[in-house]
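All remarks here apply to the structure that follows.
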Amino acid sequence: MNIQLTDDQWASIKQDGNYPVHVSVPVDQAAFVLLPADVYERFKSLFEADPPSAQERQQHLQQFGRRAGWDDPAMNIYDDLDPRSKS
């Protein structure tokens, strides 16, 4: 299903610039979330009927971490704070 927003609705979303956009249905107060398609594509496997395997989840988490900059050498300082790494 494809729903077209009005020009005023799009202007409001673009002006605010914050995602996700929360939408509610006045009749029954059902809640929905709008987000950019590229963001949805990154996470959609988590919502599918056939959930990702443990290995797929691990790969996703590693990709998300890299995008967030966790592989930056400056982040290594946090390894020293991990209590699990203490002997």
Side-chain angles (χ1 to χ4, degrees):
M1 175 183 294
N2 216 358
I3 298 173
Q4 297 294 320
L5 298 179
T6 67
D7 290 340
D8 288 341
Q9 290 168 324
W10 274 119
S12 178
I13 290 170
K14 288 179 180 179
Q15 180 182 8
D16 186 34
N18 291 325
Y19 292 100
V21 175
H22 294 267
V23 180
S24 61
V25 178
V27 176
D28 61 3
Q29 299 302 312
F32 296 87
V33 177
L34 301 177
L35 61 153
D38 63 323
V39 173
Y40 169 74
E41 289 300 324
R42 287 182 16 213
F43 291 97
K44 79 175 184 178
S45 66
L46 300 174
F47 305 113
E48 293 174 342
D50 181 23
S53 67
Q55 181 181 6
E56 289 170 323
R57 277 194 309 273
Q58 184 66 30
Q59 290 172 346
H60 286 295
L61 290 171
Q62 289 172 350
Q63 290 172 359
F64 300 152
R66 281 193 294 279
R67 282 192 204 110
W70 295 351
D71 60 345
D72 183 334
M75 298 294 282
N76 291 345
I77 187 131
Y78 292 101
D79 293 339
D80 296 336
L81 301 174
D82 185 354
R84 296 170 298 176
S85 66
K86 305 291 184 216
S87 302

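Computed from heavy atoms alone, side chains included, the values below leave out hydrogens, waters and symmetry copies.
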| said: Are more than 12 heavy atoms, taken from residues, nucleotides or ligands other than Asp38, located less than 6.0 Å from that residue's CG atom? | reply: yes
| query | When rounded to the nearest 0.5 angstrom, what is the spacing between CH2 in Trp70 and CZ in Phe64? | reply | 10.0 Å
| query | For the atom pair CG (Leu35) and NE2 (His22), what is the distance rounded to the nearest 0.5 Å? | reply | 10.0 Å
| query | Can we call the ring centroids of Tyr19 and Tyr40 under 6.0 Å apart? | reply | no
| Would you find more than 12 non-hydrogen atoms of other residues, nucleotides or ligands less than 6.0 Å from Gln55 atom CD? | no
| After noting the C-alpha distance and the side-chain angles of Val21 and Val33, does the key distance pass the side-chain contact (heavy atoms from CB on, under 4.5 Å) rule? | CA-CA 6 Å; Val21 175; Val33 177; over 6 Å; no
| remark: Separation between CG (Asp8) and CD (Gln15), nearest 0.5 Å, reads 11.0 Å
| Under the side chain to side chain contact (heavy atoms under 4.5 Å, CB included) test, residues paired with Gln58 that sit two or more places apart | Gln62
| task | For the residue pair Leu5 and Ile13, establish whether any side-chain heavy-atom pair is separated by less than 4.5 Å. | result | yes
| message | For a quick check under 3.5 Å, do Gln9 and Thr6 share a side-chain donor-acceptor pair by atom type? | response | yes
| field | CD/Gln29: more than 12 non-hydrogen atoms of other groups inside 6.0 Å | value | yes
| request: Let me see the working for Arg42 and Arg67 under side-chain contact (heavy atoms from CB on, under 4.5 Å), right down to the final yes or no. | output: CA-CA 11 Å; Arg42 287 182 16 213; Arg67 282 192 204 110; 3.2 Å; yes
| Point-to-point distance, once rounded to the nearest 0.5 Å, from CD1 of Ile3 to CG of Leu34 | 8.5 Å
